[in-house]
Amino acid sequence: MGNKFYLTTPLYYVNASPHIGHSYTTIAADTLARHMRRVIGEDKVWFLTGTDEHGQKIQRAAEAAKLSPQDFADKTSLQFKGLWQKLDISYNDFIRTSQERHIKTVQKVLDILYKKGDIYEGKYEGLYCTPCETFWLESQAPEGKCPDCQRPVEKITETNYFFKLAKYQEWLLGYLNNNRDFIKPSSRYEETLSFLELNKLNDLCISRPKERLSWGIPLPFAPGHVTYVWFDALINYISAVGEFDENDKYQSPWWPADLHLMAKDILRQHTVYWPIMLHALGVGLPQKVFAHGWWLINEDKMSKSKGNVVNPLEMIKKYGLDAYRYFLLRDVPFGLDGNFSESAIIKRYNSDLANDLGNLVYRTLTMVEKYFAGNIPDVDLSEHNGDRQVAGITAKIENLKPLVYAALNNQDFSRALESIWELIGVANKYVEDTKPWNLEKGKKEEELKKFIRILVEVIRKVGEELEAFMPQTAALIREQIGSSAIKKGSPLFPRIC
Ligand code: MSP
């Protein structure tokens, strides 16, 4: 592990409000950022998120809302920021592609690549639907009709600018062959590799004529054109944390990124376009790109038109923030698709949070109150007198941190949480097996002390390891058992009926 950690989420489009899908990537990133701050230090981690604000989708959404694109973007960008605040997202920087710092770097990148001959002027030919202002491929409009509005499409040719992707295909293949860990999970690595082996890359059209699209970054060498939104947006990862110097060398204290997080829908842009852009610029590549799965609703994609979009604010109002964070990170292994439903949240909540964690904390604190007047007994735990159950629990307490660290090194959130819950599980079993009420009756004072003390240690450890996943719950646990006398509160997760 290096001595700094630069982590990014995608820049979310501002044409619509944030939903649970956006919150998933951002919560996962937040958990890793919090974790890494513990591992390598607060000031060694840089967590970037933000909004993607140019392009046709946004220009159209703004027109529909009767606002200028900038005013419209300002409004939705604030919605994302507001949501991140409610979800306790500890980002270090929020970049917007309409900011000056970003525009300046995009134009510099365009200049460098144009000077180098990697961007050239060419003809773009396609089937165009004028009312929808959209280009279609022959295969999408087989009868010459627009797939959206059914009106006839026209074959048009326009002058545009192209980036030489094809020139770098062999280089990228070689790079991927030598860097199997560049793309995770490995299924996504294989997908990218076979795409490149089976297809010949076309150069990428990176401009749009201003008469068709005005909301974009003008090309410095062709001001009648604006930059294609993907080419513009990817550059945020470098425009946020550094600059090109007078010799066109990129300088940054944070680059290369240690991890770009996203879902599988935007894998290719991050594993084909982006590495080639960086390589052409002479800038180093990110360490790792991780593309997780999708949250589906009744096995179907979420979309505004289907009316099945779930608002994260409603979920946290109903179930609480930490239960929501827990559910997303625990229910589905990171990388796979999952089906989102409230009944699944309630099930996890009642079994893992109320029954397992909440119950362990509450019953332990109740016993500290009852048997020791609220003072945590001070005993040496290294002696377990051959008690195998106690030895097992103390070993698990010690092993928890390495297990959680190892899982998070691989972005395996559900595995990390499983390890924490295994410890909670053995502690609850220990209570049931020991039957403390019998110990008390028999006045086995020393054994009772040790028993309670072990449970307190389990809870402390669990609280520490939960910090990155469920910051509020970790803080509550600390408050309740952080010192030598407990402060019992109400149950952490009252059951939901
Ligand atoms: N603006 C581009 C990204 C540019 S990055 C330089 C974009 N924006 S987006 O708003 O559509 O966000 C896509 C990302 O949001 C996904 O890659 C994923 O991180 C997250 N998700 C959106 N819907 C999702 C689900 N249904 N499930 C899981 N994640 C989802 O693409």
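Heavy atoms only: backbone and side chains are in, while hydrogens, waters and symmetry mates are out. For ligands, and for the atoms within them, numbers begin at 1 and follow the listed sequence. Note that this is a predicted model, so its numbers are computed, not measured.
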Ignoring hydrogens, what is the shortest heavy-atom contact between [X] and [Y]? Give both atom names and the distance.
X: I217; Y: T97; value: CD1-O, 4.3 Å
X: D352; Y: W421; value: O-NE1, 3.0 Å
X: F244; Y: I112; value: CD2-CD1, 3.6 Å

Nearest-contact summary for [atom] - protein heavy atom, Å:
atom: atom 31 (O) of ligand 1; result: I266 CG2, 3.5 Å
atom: atom 27 (N) of ligand 1; result: W295 N, 2.9 Å
atom: atom 3 (C) of ligand 1; result: L11 O, 3.3 Å

>> Given S303, G338, G21, S23, identify the one with the heavy atom nearest to atom 30 (C) of ligand 1.
In response: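 Shortest heavy-atom distance from atom 30 (C) of ligand 1: G21.
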>> For E63, is there an ion pair with R60 - N to carboxylate O distance below 4.0 angstrom?
In response: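 Not counted as a salt bridge, because no side-chain N and carboxylate O are separated by less than 4.0 Å.
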Please identify which atoms of ligand 1 are closer than 4.0 Å to at least one heavy atom of [X].
X: T25; result: 18 (C), 19 (O), 20 (C)
X: D265; result: 13 (C), 16 (C), 17 (O)
X: M302; result: 26 (N)
X: H292; result: 19 (O), 28 (C), 29 (N)
X: A233; result: 6 (C)
X: D52; result: 1 (N), 2 (C), 4 (C)

>> I'd like to know whether ligand 1 has G293 as a neighbour, heavy-atom separation below 4.0 Å.
In response: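 Checking ligand 1 against G293, which is what was asked, there is a heavy-atom contact under 4.0 Å.
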> Any non-hydrogen atom of H19 lying under 4.0 Å from ligand 1?
Replying inline: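 Contact check H19 vs ligand 1: positive.
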> Is there side-chain contact between N355 and R495, with at least one heavy-atom pair below 4.5 Å?
Replying inline: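 Yes, close enough: below the 4.5 Å cut-off.
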> Do Y12 and S77 have side-chain heavy atoms sitting under 4.5 Å apart?
Replying inline: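 A side-chain contact under 4.5 Å is absent here.
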Examine [X] against ligand 1 and note whether any of their N/O atoms are separated by less than 3.5 Å.
X: Y12; result: no
X: P10; result: no
X: H270; result: no
X: N236; result: no

>> Within the supplied structure, the quantity of interest is the number of heavy atoms (other residues, nucleotides, ligands) at a distance under 6.0 Å from K306 NZ; does it exceed 12?
In response: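 Count over threshold, so yes.
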> In terms of the angle between their ring planes, are H292 and Y24 parallel, tilted or perpendicular, with boundaries placed at 30° and 60°?
Replying inline: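 Aromatic pair H292/Y24 classed perpendicular.
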>> For F231 and F163, take the angle between the two ring planes, folded into 0 to 90°, and tell me which bin it lands in: parallel under 30, tilted 30 to 60, perpendicular over 60.
In response: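 Correct class here is perpendicular.
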